[in-house]
Colleague: 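The structure that follows is given in the form of structure tokens.
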Amino acid sequence: MSALFTPLKLRSLEIPNRVWMSPMCMYSAAPEGPETGAPTDFHLTHLASRAAGGAGLVMAEATGVRPDGRISPWDLGLWNDRQQEAFARITEAVKAHGSVPAIQLAHAGRKASVDKPWLSDRYVRESAGGYRAVAPSPVAYDGLPVPHELTVDEIRRLVRDFADSARRALAAGFQVAEVHGAHGYLINSFLSLAANHRTDAYGGGFENRIRFALEVVDAVRAVWPDDLPVFFRTSATDWLTESPEDDREGWTGEDTVRLAKELQAHGVDLLDVSTGGMVRDAKIPTGPDYQVPFAARARAGADIPTAAVGLITEPQQAQEIVAGGRADAVFLGRELLRDPYWPQRAALELGAEPSWPDQYAYVVRRRERD
């Protein structure tokens, strides 16, 4: 049996294989009106088709826990009943194809309120339907306005917002909740000295900078069933301190191992390991598997299950990551946009049994025999 196509059990949830769909923003929700932030028929087709394509877990895109938490006004949200009802259609469809529905709960922080990337990716002003960005400190992301510095009371309200969205996600039928702590968004910006200049209980030393992340995890875990897993997505490095070409101080791989140990103690079941996103001009040495060593390091150093991401494009490549113990699963993003049936093709190449829907299977298998 291919390691990539063996089940993975986290708490009582068994995920049928180790090929998972990464959360990817589609910028396709209504930006205003009663359908604001609610998934549409596009999202239903987009996510259900990857479940039919054989992904063992299908992760909905970064979903704002409040209106100003969306990366763009066209992103998904989960703060009201209409959004929850619309998500329920999606979880039913994903489950019908034998996959696990998951959702990434997020707040964009200082990188909020930007245009669709294929248009301009520029700041959308409040007068044009945007909203004011918030952050741990009034430190702007390059090209965007200076964000509002959160008060302690506002931080506490945000923790409750994450819990409220998690409660709605559960009611909508999701089986995994992922807390988005990566890519320079709100939680990640609390972690890194590159964005967090606070001097109170949420800034300064390592223990203070991880406080908000742990409070969010505790709040989500408190409303999430004990028998279902919680994930945390991290940027394992800002590519600042660890870059010989950069003298700025930021988050490091060593910091990630320390955080992973704390997250596991607070009920996180898997670390979804990405990198970067804190600053626009970081020097990132990209290439196949370039982020996998960080997943392997966290897995070994904190003894926590991890998922690897980034430029994983070939079945044998993914197989070697899992079989070699560098990660417990792989998240595919752009490759699943190019080929929604990548997991089915990979199963064939690796000698596993594809999990075709019945409506396809009797024809596909007959042709394989012929």
Side-chain angles (χ1 to χ4, degrees), residues 8-13 15 57 59 65 102-107 136 152 155-156 158-167 169-170 174-183 185-193 196 198 200-238 251-275 293-309 325-329 331:
L8 177 63
K9 189 170 185 179
L10 297 170
R11 299 199 179 225
S12 69
L13 180 68
I15 304 171
L57 179 145
M59 181 84 72
V65 299
I103 187 169
Q104 186 182 72
L105 302 176
H107 192 295
V152 171
I155 291 170
R156 290 171 180 162
L158 281 160
V159 172
R160 294 195 294 271
D161 289 336
F162 271 93
D164 289 345
S165 284
R167 191 179 291 109
L170 182 65
F174 286 101
Q175 294 174 290
V176 174
E178 176 169 274
V179 175
H180 195 350
H183 300 158
Y185 299 122
L186 185 62
I187 293 175
N188 191 210
S189 66
F190 270 87
L191 298 176
S192 177
L193 287 167
N196 185 347
R198 298 176 76 99
D200 63 3
Y202 291 93
F206 178 84
E207 290 77 11
N208 283 357
R209 285 183 284 114
I210 68 171
R211 188 183 307 277
F212 179 55
L214 296 182
E215 287 179 349
V216 169
V217 166
D218 286 344
V220 170
R221 186 75 264 180
V223 301
W224 203 249
D226 287 341
D227 62 338
L228 291 178
V230 169
F231 294 0
F232 187 95
R233 172 164 269 197
T234 183
S235 279
T237 176
D238 295 337
W251 188 259
T252 69
E254 181 180 351
D255 291 331
T256 296
V257 174
R258 291 178 66 189
L259 175 63
K261 293 176 182 178
E262 293 290 339
L263 291 171
Q264 188 172 46
H266 285 255
V268 168
D269 302 284
L270 180 138
L271 195 66
D272 174 4
V273 185
S274 186
T275 66
F294 294 97
R297 183 176 179 182
R299 188 176 189 266
D303 194 26
I304 187 173
T306 64
V309 307
R326 290 187 286 166
D328 296 272
F331 270 112

Colleague: Would you please name every residue forming a salt bridge (Lys or Arg N to Asp or Glu O under 4.0 Å) with Glu207, sequence neighbours left out?
Modeller: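 So Glu207 forms a salt bridge (Lys or Arg N to Asp or Glu O under 4.0 Å) with Arg258.
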
Colleague: Holding to side chain to side chain contact (heavy atoms under 4.5 Å, CB included), I want the full list of residues that pass it with Ala296, two or more places apart in sequence or in another chain.
Modeller: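 For Ala296, the residues satisfying side chain to side chain contact (heavy atoms under 4.5 Å, CB included) (neighbours in sequence not counted) are Arg326.
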
Colleague: Quick one: pull up CD in Gln175 and OG in Ser12 and give me the separation to the nearest 0.5 Å.
Modeller: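 These two atoms lie 9.0 Å from each other.
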
Colleague: For residues 206-228, pull every pair meeting ring pair (Phe, Tyr, Trp, His ring centres under 6.0 Å), keeping only residues two or more places apart or in separate chains.
Modeller: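 Passing the test, one end in residues 206-228: Phe190-Phe212, Phe206-Trp251.
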
Colleague: Do you know the tightest heavy-atom contact between Phe231 and Val268?
Modeller: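 Scanning both residues, the minimum pair turns out to be C-CG1, 4.3 Å.
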
Colleague: Run the side-chain contact (heavy atoms from CB on, under 4.5 Å) test on Leu228 and Val176 for me, step by step, so that the C-alpha distance in whole Å, both residues' side-chain angles and the decisive distance to 0.1 Å come before the verdict.
Modeller: CA-CA 7 Å; Leu228 291 178; Val176 174; over 6 Å; no

Colleague: Which distance, rounded to the nearest 0.5 Å, do you find between the CD of Glu178 and the CD1 of Ile103?
Modeller: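 Here the rounded value is 10.5 Å.
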
Colleague: Got a sec, which residues hit side chain to side chain contact (heavy atoms under 4.5 Å, CB included) with Ala308, two or more places apart in sequence or on another chain?
Modeller: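 With sequence neighbours excluded, Ala308 shows a side chain to side chain contact (heavy atoms under 4.5 Å, CB included) to Val292, Ala295, Ile312, Ile321, Ala327, given in chain and number order.
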
Colleague: Could you tell me which residues satisfy side chain to side chain contact (heavy atoms under 4.5 Å, CB included) with Asp200, sequence neighbours excluded, listed by chain and number?
Modeller: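 For Asp200 the side chain to side chain contact (heavy atoms under 4.5 Å, CB included) partners, ignoring immediate neighbours, are Val152, Arg198, Tyr202.
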
Colleague: With sequence neighbours left out, what residues match Arg233 under salt bridge (Lys or Arg N to Asp or Glu O under 4.0 Å)?
Modeller: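 So Arg233 forms a salt bridge (Lys or Arg N to Asp or Glu O under 4.0 Å) with Asp272.
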
Colleague: Using the salt bridge (Lys or Arg N to Asp or Glu O under 4.0 Å) criterion, which residues pair with Asp164? Sequence neighbours excluded.
Modeller: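 Only Arg157, Arg167 meet the salt bridge (Lys or Arg N to Asp or Glu O under 4.0 Å) criterion with Asp164.
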
Colleague: Where do Ala177 and Val220 come nearest, in terms of heavy atoms and distance?
Modeller: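 For Ala177 versus Val220, the nearest heavy atoms are CB-CG1, 4.4 Å.
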
Colleague: Could you pull out all residues at least two apart from Arg160 that satisfy salt bridge (Lys or Arg N to Asp or Glu O under 4.0 Å)?
Modeller: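 Residues passing salt bridge (Lys or Arg N to Asp or Glu O under 4.0 Å) with Arg160: none at all.
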
Colleague: Would Leu10 and Leu270 satisfy side-chain contact (heavy atoms from CB on, under 4.5 Å), going step by step from the backbone distance to the final call?
Modeller: CA-CA 8 Å; Leu10 297 170; Leu270 180 138; 4.2 Å; yes

Colleague: Ala236 and Phe294: which non-hydrogen atoms are nearest, and at how many Å?
Modeller: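 Minimum heavy-atom separation between Ala236 and Phe294: CB-CB, 3.6 Å.
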
Colleague: Taking atom CZ of Arg297 and atom OG1 of Thr237, what is their separation to the nearest 0.5 Å?
Modeller: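 These two atoms lie 9.0 Å from each other.
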
Colleague: What pair of heavy atoms forms the shortest contact from Asn188 to Gly181, and how long is it?
Modeller: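 Looking at all heavy atoms of both residues, the shortest contact is CB-O, 3.3 Å.
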
Colleague: Sequence neighbours left out, what pairs pass side chain to side chain donor-acceptor pair (under 3.5 Å) with at least one residue falling in residues 299-309?
Modeller: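 Output for this query lists Arg299-Asp328.
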
Colleague: Hey, what do you get for CD1 (Ile155) to CZ (Arg211), rounding to the nearest 0.5 Å?
Modeller: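 With rounding to 0.5 Å, CD1 (Ile155) is 10.0 Å from CZ (Arg211).
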
Colleague: Are Leu271 and Leu263 close enough, and set up right, to give a side-chain contact (heavy atoms from CB on, under 4.5 Å), and what steps lead you there?
Modeller: CA-CA 9 Å; Leu271 195 66; Leu263 291 171; 3.8 Å; yes

Colleague: Which heavy atom in Pro305 sits nearest to a heavy atom in Gln264, and how many Å separate them?
Modeller: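 The pair with the smallest heavy-atom distance is CD-NE2, 4.4 Å.
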
Colleague: Over all heavy atoms of both residues, which pair between Asp238 and Ser192 is shortest? Give the atoms and the distance, please.
Modeller: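 Scanning both residues, the minimum pair turns out to be OD2-OG, 2.6 Å.
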
Colleague: How would you list, by chain and number, every residue that makes a ring-ring contact (aromatic ring centres under 6.0 Å, His included) with His180, sequence neighbours excluded?
Modeller: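 Once residues adjacent in sequence are excluded, the partners of His180 under the ring-ring contact (aromatic ring centres under 6.0 Å, His included) criterion are His183, Tyr185.
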
Colleague: Could you tell me whether a side-chain N or O of Ser165 sits under 3.5 Å from a main-chain N or O of Phe162, the two making a donor and an acceptor?
Modeller: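 Absent.
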
Colleague: Please report the interatomic distance CG(Leu259) to CG(Leu214), rounded to the nearest 0.5 Å.
Modeller: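 Going from the CG atom of Leu259 to the CG atom of Leu214 covers 6.5 Å.
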
Colleague: Run the side chain to side chain contact (heavy atoms under 4.5 Å, CB included) test against Ala213 and tell me which residues pass, sequence neighbours left out.
Modeller: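 Checked Ala213 against side chain to side chain contact (heavy atoms under 4.5 Å, CB included); matches are Ile187, Leu191, Phe232.
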
Colleague: Applying salt bridge (Lys or Arg N to Asp or Glu O under 4.0 Å), which residue pairs with at least one partner in residues 212-228 are found, sequence neighbours left out?
Modeller: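 Those involving residues 212-228 are Arg221-Asp269.
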
